[in-house]
Number of protein chains: 2
Amino acid sequence: MSSSSSLLSQTEALLETEGHRITATRRGVLKAIAAADSPLTIEEISDRVPDIGRATVFRTVKLLQELGVICRVTLENGGIRYVLSTSSHHHHLICNECGSVTEFSSPQLDQAIHEEAEAAGFELSNHTVELYGKCKHC
Amino acid sequence: MSSSSSLLSQTEALLETEGHRITATRRGVLKAIAAADSPLTIEEISDRVPDIGRATVFRTVKLLQELGVICRVTLENGGIRYVLSTSSHHHHLICNECGSVTEFSSPQLDQAIHEEAEAAGFELSNHTVELYGKCKHC
DNA sequence: CTATATGCAAACCATTTGCAAGAGA
DNA sequence: TCTCTTGCAAATGGTTTGCATATAG
């Protein structure tokens, strides 16, 4: 389908813009994350690209994160996982049972956040919202 | 003032209820966190209670977290810090400059969150909202 | 008195780093 | 060709664990 290939080419363009090289390794790691239906730990990513060294997986994940292609998800128990950022701005619904993560965006929510920040004299640069619970399948 | 002493006695009651002992160590760690005006890393907590072994600081922080007396704050760069949970439900304004953390609560925000969860058929157990930026003092 | 909590040091484990070889542009 | 990237292995550093001792109840 076109969405995944556009993700790849978007990322390649981004890499180029930022002065990084387009390599099979980077494509591989990105594809592994994109193919998963839930956020992966570093170890899980590593398992999906056995030919790539662990150190490189760490380096690549950090790079993709800096580029905003993937984002870090903190689970309720503190565990760290990575998912594709499908939309530029969104929040997460994280299921404690099956570990699935659903993205959503809510202008209403964001408005409340901006109002709150303004009321506190806070200059907002970013924000995260994570909802934990049980998804409709569990 | 009475608020800090009530925190202490509340915590002691909680410890007792959950079958844990009230010790000078636990009081010390709690006081150290309570006295700080911004969230502390494990190391910073440890520095403030030099007589308590690092391993015990880890154990105590984990315990206080389980009891809901303190909560973990994830910084934008991934760093982990701990603050007192002064109110049962709140969110955080985290300053990237000075590291200060301000708590706030917003019924409006929480309502938007609940609506969003409901719309997704999600059974909410918990949620976190972290706003990153620059506080009014910076 | 008995079970829990603590300190210390060793063990663990995820992540980072240095360096030489490999690969993109 | 020249620089960026990767793999490997070693170093690192934060966190956990085992066990003997101390202490709350």
Side-chain angles (χ1 to χ4, degrees), chain A residues 8-33 39-67 69-82 99, chain B residues 8-33 39-67 69-82 99:
Chain A
L8 197 55
S9 37
Q10 267 183 263
T11 304
E12 290 182 359
L14 213 53
L15 282 169
E16 194 162 29
T17 303
E18 302 288 327
H20 299 107
R21 292 184 178 168
I22 298 164
T23 67
T25 294
R26 288 174 177 162
R27 271 195 291 259
V29 170
L30 178 57
K31 279 186 180 174
I33 297 172
L40 303 179
T41 61
I42 291 285
E43 192 178 8
E44 289 165 344
I45 296 169
S46 219
D47 289 347
R48 284 165 169 72
V49 286
D51 299 339
I52 301 174
R54 227 190 186 62
T56 300
V57 172
F58 276 102
R59 290 187 275 232
T60 306
V61 164
K62 181 177 288 182
L63 177 62
L64 291 175
Q65 215 186 322
E66 284 163 6
L67 295 176
V69 178
I70 64 176
C71 61
R72 186 184 52 228
V73 178
T74 304
L75 267 47
E76 201 163 7
N77 63 20
I80 306 286
R81 289 166 176 273
Y82 299 91
Chain B
L8 197 56
S9 37
Q10 267 183 266
T11 304
E12 290 181 1
L14 213 54
L15 282 169
E16 193 162 31
T17 304
E18 302 289 327
H20 298 106
R21 291 182 178 169
I22 298 165
T23 66
T25 295
R26 288 173 178 163
R27 269 196 292 259
V29 169
L30 179 58
K31 279 185 180 175
I33 298 172
L40 304 178
T41 61
I42 291 285
E43 192 178 8
E44 290 166 343
I45 296 170
S46 221
D47 289 346
R48 284 165 168 73
V49 286
D51 299 339
I52 301 174
R54 226 189 186 60
T56 300
V57 172
F58 276 102
R59 289 186 275 232
T60 306
V61 164
K62 180 177 288 181
L63 177 62
L64 291 175
Q65 215 186 322
E66 285 164 5
L67 295 176
V69 178
I70 64 177
C71 62
R72 186 183 52 229
V73 178
T74 305
L75 267 46
E76 201 164 8
N77 64 19
I80 307 286
R81 289 166 175 273
Y82 298 91

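Numbers restart at 1 for each chain; the letters A, B, ... are given by sequence-line order, proteins then strands. Side-chain atoms are counted along with the backbone in the values below, which use heavy atoms only and exclude waters and symmetry mates.
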Original post:
So, do R72(A) and Q65(A) sit near enough that their side-chain heavy atoms are less than 4.5 Å apart?
Top reply: yes
**OP:** Write down the distance between CD (E16(B)) and C1' (dT4(C)), rounded to a whole number of angstrom.
**Re:** 14 Å
Original post:
Whole-Å distance between dG13(D) P and I80(B) CD1?
Top reply: 19 Å
Subject >> Separation of dT5(D) P from E66(A) CD (nearest whole Å) >> reply: 12 Å
Subject >> Test item: E66(B) and K62(B) side chains (from C-beta on) under 4.5 Å apart, heavy atoms >> reply: yes
Original post:
Expressed in angstrom and rounded to an integer, what is the separation of L64(A) atom CG from dT5(D) atom C1'?
Top reply: 14 Å
Original post:
Going by heavy atoms closer than 4.0 Å, what residues in residues 51-62 of chain B are next to DNA chain D?
Top reply: A55(B), F58(B), R59(B), K62(B)
Original post:
Under 4.5 Å between any side-chain heavy atoms of I42(A) and F58(A), yes or no?
Top reply: yes
Original post:
To the nearest 10 degrees, how far apart in direction are the end axes of the helix from dC1(C)-dG25(D) to dA25(C)-dT1(D), each fit to five base pairs?
Top reply: 50°
Subject >> Any I52(A) side-chain heavy atom under 4.5 Å of V29(A) side chain >> reply: yes
**OP:** Nearest whole angstrom, please: distance from the C1' of dG14(D) to the OH of Y82(B).
**Re:** 11 Å
Subject >> Interatomic distance, D47(A) CG vs dA14(C) C1' [rounded to whole Å] >> reply: 14 Å
**OP:** Answer whether the closest heavy-atom distance between the side chains of R48(B) and L40(B) falls below 4.5 Å.
**Re:** yes
Original post:
Distance check: side-chain N/O of T25(A) vs OP1/OP2 of dT6(D), anything under 4.0 Å?
Top reply: yes
Original post:
Between the side-chain atoms of R21(B) and the base atoms of dA3(C), is any donor-acceptor pair under 3.5 Å?
Top reply: yes
Original post:
Please give, in whole Å, the distance from dC4(D) P to E18(A) CD?
Top reply: 15 Å
Original post:
Looking at L63(A), T56(A), V61(A), V57(A), which one forms a side chain to side chain contact (heavy atoms under 4.5 Å, CB included) with R59(A)?
Top reply: T56(A)
**OP:** I would like to know whether R27(B) and E12(B) meet salt bridge (Lys or Arg N to Asp or Glu O under 4.0 Å); could you show each step before the answer?
**Re:** CA-CA 8 Å; R27(B) 269 196 292 259; E12(B) 290 181 1; 3.1 Å; yes
Original post:
Backbone N or O of T41(B) within a donor-acceptor pair of the E44(B) side chain at under 3.5 Å?
Top reply: yes
Subject >> N or O in side chain of T23(B) less than 4.0 angstrom from dT23(D) OP1/OP2 >> reply: no
Original post:
Within the side chain of R26(B), is there an N or O that forms a donor-acceptor pair under 3.5 Å with the backbone of L64(B)?
Top reply: no
**OP:** Could you check how far CD of E43(A) sits from P of dC13(C), rounded to whole Å?
**Re:** 11 Å
Original post:
Between R26(A) and H20(B), who's closer to the 5' end of DNA chain D by nearest nucleotide?
Top reply: R26(A)
